[in-house]
Amino acid sequence: MSKVEDWYYITVRDRIFKVRQSPAYLEFDGVSKEFLMYYFALDEPYSTILTQINKDPHINSAIKRYYGLRIIRQDPWECLISFLCSSAANIPKITLNLEMLSRAFGKKIELNEFEQYSFPNPGELNNYEQILLAKTGFRAKYIKIANSLVSEDFLKSLRKLSYGEAKQTLRNIPGIGDKIADCILLFSLGFTEAFPIDTWMKKILQKLYFKNKVISNKELSAFGAKYFGKYAGYAQQFLYIFARNSMAA
DNA sequence: AGACAGGGGTAGG
DNA sequence: CCTACCCCTGTC
């Protein structure tokens, strides 16, 4: 997304919409209300979720501080490619990769005066050299393969599976391990029980719940699922943003 | 200025 | 469990 004046312009595949929060309303243009509700997951029972994950004073303070934090339902294909770009990278670099991929493979689109390149569809990221030119490095081969393996139907079919089955199916794609699979499931496919463990989650969980002892990612993952339950992904997001803003490296 | 480390991981040893 | 992997960026 890009902020222009007080509007946020958000690109989803080949369309752009814009939103801004006024005190009492969410204002938007370019999409239907139904799409907006879906995209920002405004149909979720927010207060019930917060009650369910509020297990102790640590997460309680994270929830208090970041109240209003939501988990969007991003386009799954965009999400998958974005997270393939994310390994051993950082936000500015991932943003650069995605912009360059869109510029190379997408087409120019606009809303009002705002111009952007669309995100290529599954099957359209079919030129390895171009993917490499987007500065994706060792991730280029994963993007190329994912492009040939993944279709809209494949992504759709994941929704019908259990969390465990869907995760295993995603893990069969080269470049997708536990963390990236969980991110795709949580941020685009509505699997709220997914609990991605990255370096920040590892740090904060060890600190808050394991007396600073080193714990394997596998064990941390099991802890998250058991301790926070069906909406563990929301707990993950509150703890994650809390960790990033309080343990800043 | 140029070298160096490390970043929202994964695969392969 | 350890390390290389591409590339960008911040630091010394």
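Every chain is numbered from 1, with letters handed out A, B, ... down the list of sequences.
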Using atom [atom1] of each nucleotide, how far apart are [N] and [M] to the nearest Å?
| N | M | atom1 | result |
| --- | --- | --- | --- |
| C:dC8 | B:dA11 | C1' | 23 Å |
| B:dG8 | C:dT11 | P | 14 Å |
| B:dA5 | C:dA4 | C1' | 15 Å |

Checklist entry - Which of residues 190-198 of chain A have a heavy atom under 4.0 Å from DNA chain B? => result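 Only A:Asp198 qualify.
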
Item to check | DNA chain B-proximal residues of residues 213-231 of chain A, any heavy atom under 4.0 Å | outcome: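 Contacts with DNA chain B under 4.0 Å: none.
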
Taking atom types as modelled and ignoring hydrogens, do the side chains of [X] and [Y] form a donor-acceptor contact shorter than 3.5 angstrom?
| X | Y | result |
| --- | --- | --- |
| A:Asn97 | A:Lys135 | no |
| A:Ser162 | A:Glu165 | yes |
| A:Tyr163 | A:Asp182 | yes |

Mark yes or no for whether [X], through its side chain, and [Y], through its backbone, hold a donor-acceptor pair below 3.5 Å.
| X | Y | answer |
| --- | --- | --- |
| A:Glu193 | A:Ala232 | no |
| A:Arg159 | A:Lys156 | no |
| A:Lys144 | A:Arg139 | no |
| A:Ser216 | A:Glu219 | yes |

Checklist entry - Start at the 5' end of DNA chain B and walk down; is the nucleotide closest to A:Ile173 or to A:Gln237 reached first? => result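 Closer to the 5' end of DNA chain B: A:Gln237.
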
Next on the checklist: If you assign A:Tyr142 and A:Cys183 each to the DNA chain B nucleotide with the nearest heavy atom, which residue ends up on the more 5' nucleotide?
Outcome noted: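 The residue whose closest nucleotide sits nearer the 5' end is A:Cys183.
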
Checklist entry - At under 4.0 Å between heavy atoms, what does A:Asn97 touch on the DNA or RNA strands: base, sugar-phosphate, or nothing? => result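 Nothing, no heavy atom under 4.0 Å.
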
Item to check | Residues that A:Leu69 engages under side-chain contact (heavy atoms from CB on, under 4.5 Å), provided they are two or more places apart | outcome: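 If we apply the side-chain contact (heavy atoms from CB on, under 4.5 Å) test to A:Leu69, skipping adjacent residues, the hits are A:Tyr46, A:Gln237, A:Phe238, A:Ile241.
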
Next on the checklist: Could you work out, with side-chain contact (heavy atoms from CB on, under 4.5 Å) as the rule, every residue matching A:Pro57, not counting sequence neighbours?
Outcome noted: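 Per chain and number, A:Pro57 pairs via side-chain contact (heavy atoms from CB on, under 4.5 Å) with no residue.
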
Apart from [X] itself, what residues make up its hydrophobic cluster, given side-chain heavy atom links below 4.5 Å?
| X | result |
| --- | --- |
| A:Ile91 | none |
| A:Val12 | A:Met1, A:Tyr8, A:Ile10, A:Phe17, A:Val19, A:Leu26, A:Phe28, A:Val31, A:Phe35, A:Leu36, A:Met37, A:Tyr39, A:Phe40, A:Leu42, A:Ile72 |
| A:Met100 | A:Leu96 |

Checklist entry - Going 5' to 3' along DNA chain C, which nucleotides are the first and last within contact of chain A (any atom under 4.0 Å from a heavy atom)? => result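 Answer, 5' to 3': C:dC5 to C:dC8.
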
Next on the checklist: Which residues in residues 70-95 of chain A have a heavy atom closer than 4.0 Å to any atom of DNA chain C?
Outcome noted: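 Only A:Lys93 qualify.
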
Are the aromatic rings of [X] and [Y] close, with centres under 6.0 Å apart?
| X | Y | result |
| --- | --- | --- |
| A:Phe223 | A:Phe210 | yes |
| A:Phe242 | A:His58 | no |
| A:Phe119 | A:Phe105 | no |

Checklist entry - Where does the chain A footprint on DNA chain B start and end, counting 5' to 3' with a 4.0 Å heavy-atom cut-off? => result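 Boundary nucleotides touching chain A, in 5' to 3' order, are B:dG7 to B:dA11.
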
Using residues 124-133 of chain A as the side-chain source, report each donor-acceptor pair under 3.5 Å to any protein atom, sequence neighbours left out, with the distance given to one decimal.
residue  : atom : partner  : partner atom : Å
A:Glu124 : OE1  : A:Asn121 : N            : 2.9
A:Glu124 : OE2  : A:Asn121 : ND2          : 3.2
A:Asn127 : OD1  : A:Glu129 : N            : 3.1
A:Asn127 : OD1  : A:Gln130 : N            : 3.1

Checklist entry - Thinking salt bridges, do A:Glu78 and A:Arg13 make one under a 4.0 Å N-O criterion? => result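 A salt bridge is absent here (no side-chain N lies under 4.0 Å from a carboxylate O).
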
Checklist entry - Would you call A:Lys167-A:Asp178 a salt bridge at under 4.0 Å N-O? => result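 Salt bridge between A:Lys167 and A:Asp178, a charged N being under 4.0 Å from a carboxylate O: yes.
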
Checklist outcome for this item: Dot-bracket for DNA chain B, 5' to 3', Watson-Crick and G-U pairs with both distances under 3.5 Å, [ ] for crossing pairs, | for partner on another strand, reads .||||||.|||||

